[in-house]
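Since we're looking at a predicted model, the values are computed, not measured. Residue numbers start at 1 and run along the sequence shown.
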Amino acid sequence: MTGTQVEATEQAMMTAHGLTKRFGNLTAVSNVDLELRSSSITALIGPNGAGKSTVVNLLSGLLLPSAGEIRYAGGSVRGMHPYELAHLGVLRTFQTPRLCPGLSAAETVTLGLQAHDRNSWARALFHTPGLHKKEDERRAEALAVLEEIDVEGVDVEVTALAVGTQRLVELARALVGGPTVLLLDEPGAGLDPSESAALAALLRKIAASGPAVLLIEHDMSVVMSVADRVVVLDHGAVIATGTPAEVSRNEAVIEAYLGPQES
């Protein structure tokens, strides 16, 4: 993957302690502790409405915690804006892909590079000599990432692509920024079994390249095959943490989310 990567040494890149979010009288997230380690996939699972997406919105700066602390590489990032966290390498996808109508897949991913280029606005405004060269370099880098994750139709208008492909384009836009922490909100939603298997292989490849990955996913076959650690939420609180095998045997998790397992 492109961009600056931390060494793949399983260090804690982002942690949350006592993370809480209240909306009026509703507590959506309650006293959540979380640790995201480099080269590792942490799956965040639970019933609909458990608070999973709220956790991602807190970690990515879209929401301000009501209580608790968020740290990145040892320093507090509580209250940072999404663009500030993105410059640090904390990048994300959304439950519903957020893409720009009218742009191709390649142009969409190129935006991920422009967002990390502090001088791009000056080149565009003043038409500096390096503008066209830089644009060509960005497109080449965007195409390389799209090819790496097997996206076809790179010059097709992005909202005309199948939803599964749109999710991959949004993932590519995050990857091209060189994430050190990658927050994925249901990247497998709507995929068929073969697409889910391909996603699982891709997630393992991404984690092996260095980033700490937080994965929200309802497809338990994907979770069980890729997660190093699983955190289970119910009604905004953590009810279990462990390996996929440990969590799958946890009685509280079975009752709240997984249901009885076939023998």
Are [X] and [Y] connected in the hydrophobic side-chain network, where two residues link if heavy atoms are under 4.5 Å apart?
X: Val156; Y: Val163; value: no
X: Phe94; Y: Val109; value: no
X: Leu183; Y: Leu62; value: no
X: Leu99; Y: Leu113; value: yes
X: Tyr72; Y: Leu36; value: yes

With rounding to the nearest 0.5 angstrom, report the [atom1] to [atom2] distance, [X] to [Y].
X: Arg71; Y: Met13; atom1: CZ; atom2: CE; result: 13.0 Å
X: His218; Y: Ile45; atom1: NE2; atom2: CD1; result: 9.5 Å
X: Leu168; Y: Leu199; atom1: CG; atom2: CG; result: 7.0 Å
X: Glu107; Y: Asp155; atom1: CD; atom2: CG; result: 7.5 Å
X: Ile206; Y: Leu175; atom1: CD1; atom2: CG; result: 4.5 Å
X: Met14; Y: Leu182; atom1: CE; atom2: CG; result: 11.5 Å

Mark yes or no for whether [X], through its side chain, and [Y], through its backbone, hold a donor-acceptor pair below 3.5 Å.
X: Asp185; Y: Thr93; answer: no
X: Lys52; Y: Leu215; answer: no
X: Glu186; Y: Gln95; answer: no
X: Glu217; Y: Ala43; answer: no
X: Lys21; Y: Ser30; answer: no
X: Ser38; Y: Gln11; answer: yes
X: Glu195; Y: Asp192; answer: yes
X: Arg78; Y: Gly68; answer: yes

Above 12 or not: heavy atoms from other molecules or residues under 6.0 Å from [atom1] of [X]?
X: Arg204; atom1: CZ; value: yes
X: Glu84; atom1: CD; value: yes
X: His235; atom1: NE2; value: no

Geometric class of the His87/Tyr83 ring pair [parallel <30°, tilted 30-60°, perpendicular >60°]: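 If you compare the ring of Tyr83 with that of His87, the planes turn out perpendicular.
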For residues [X] and [Y], report the shortest heavy-atom separation together with the two atoms involved.
X: Ala207; Y: Ser40; result: CB-N, 4.4 Å
X: Leu91; Y: Ala86; result: CD2-CB, 3.7 Å
X: Ser248; Y: Ala245; result: OG-O, 2.8 Å
X: Ala106; Y: Arg139; result: CB-NH1, 3.5 Å
X: Ala142; Y: Thr110; result: CB-OG1, 3.5 Å
X: Gly153; Y: Ala105; result: O-CB, 4.1 Å

Which of these, Leu184, Asn57, Leu85, sits in a side-chain contact (heavy atoms from CB on, under 4.5 Å) with Arg92?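 Among Leu184, Asn57, Leu85, the one meeting side-chain contact (heavy atoms from CB on, under 4.5 Å) with Arg92 is Asn57.
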So if I apply the side-chain contact (heavy atoms from CB on, under 4.5 Å) rule between Pro65 and each of Ile70, Thr20, Leu59, Val29, which one comes out positive?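 The option that passes is Ile70.
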Should [X] and [Y] count as side-chain neighbours, where that means a heavy-atom distance under 4.5 Å?
X: Asp234; Y: Val232; answer: no
X: Val169; Y: Pro97; answer: no
X: Glu148; Y: Lys205; answer: yes
X: Val90; Y: Met80; answer: no
X: Val77; Y: Leu88; answer: yes
X: Val176; Y: Glu141; answer: yes
X: Val222; Y: Leu203; answer: yes
X: Val181; Y: Leu214; answer: no

Among side-chain atoms of Glu69 and Ser76, is any donor-acceptor pair under 3.5 angstrom?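 The answer is yes; a qualifying pair exists.
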Worked check of side-chain contact (heavy atoms from CB on, under 4.5 Å) between Asn250 and Tyr257: CA-CA 10 Å; Asn250 186 292; Tyr257 182 54; over 6 Å; no
One pair to check against side-chain contact (heavy atoms from CB on, under 4.5 Å): Leu202 and Leu171. What are the steps and the verdict? CA-CA 11 Å; Leu202 176 59; Leu171 175 58; 3.7 Å; yes
Do Val151 and Thr165 pass the side-chain contact (heavy atoms from CB on, under 4.5 Å) test, and can you show the C-alpha distance, the side-chain angles, and the key distance before you say yes or no? CA-CA 7 Å; Val151 174; Thr165 305; 3.9 Å; yes
Run the side-chain contact (heavy atoms from CB on, under 4.5 Å) test on Val238 and Leu233 for me, step by step, so that the C-alpha distance in whole Å, both residues' side-chain angles and the decisive distance to 0.1 Å come before the verdict. CA-CA 5 Å; Val238 174; Leu233 285 186; 3.7 Å; yes
Do Arg173 and Glu170 meet the salt-bridge criterion of a basic N to acidic O distance under 4.0 Å?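 Arg173 and Glu170: salt-bridged.
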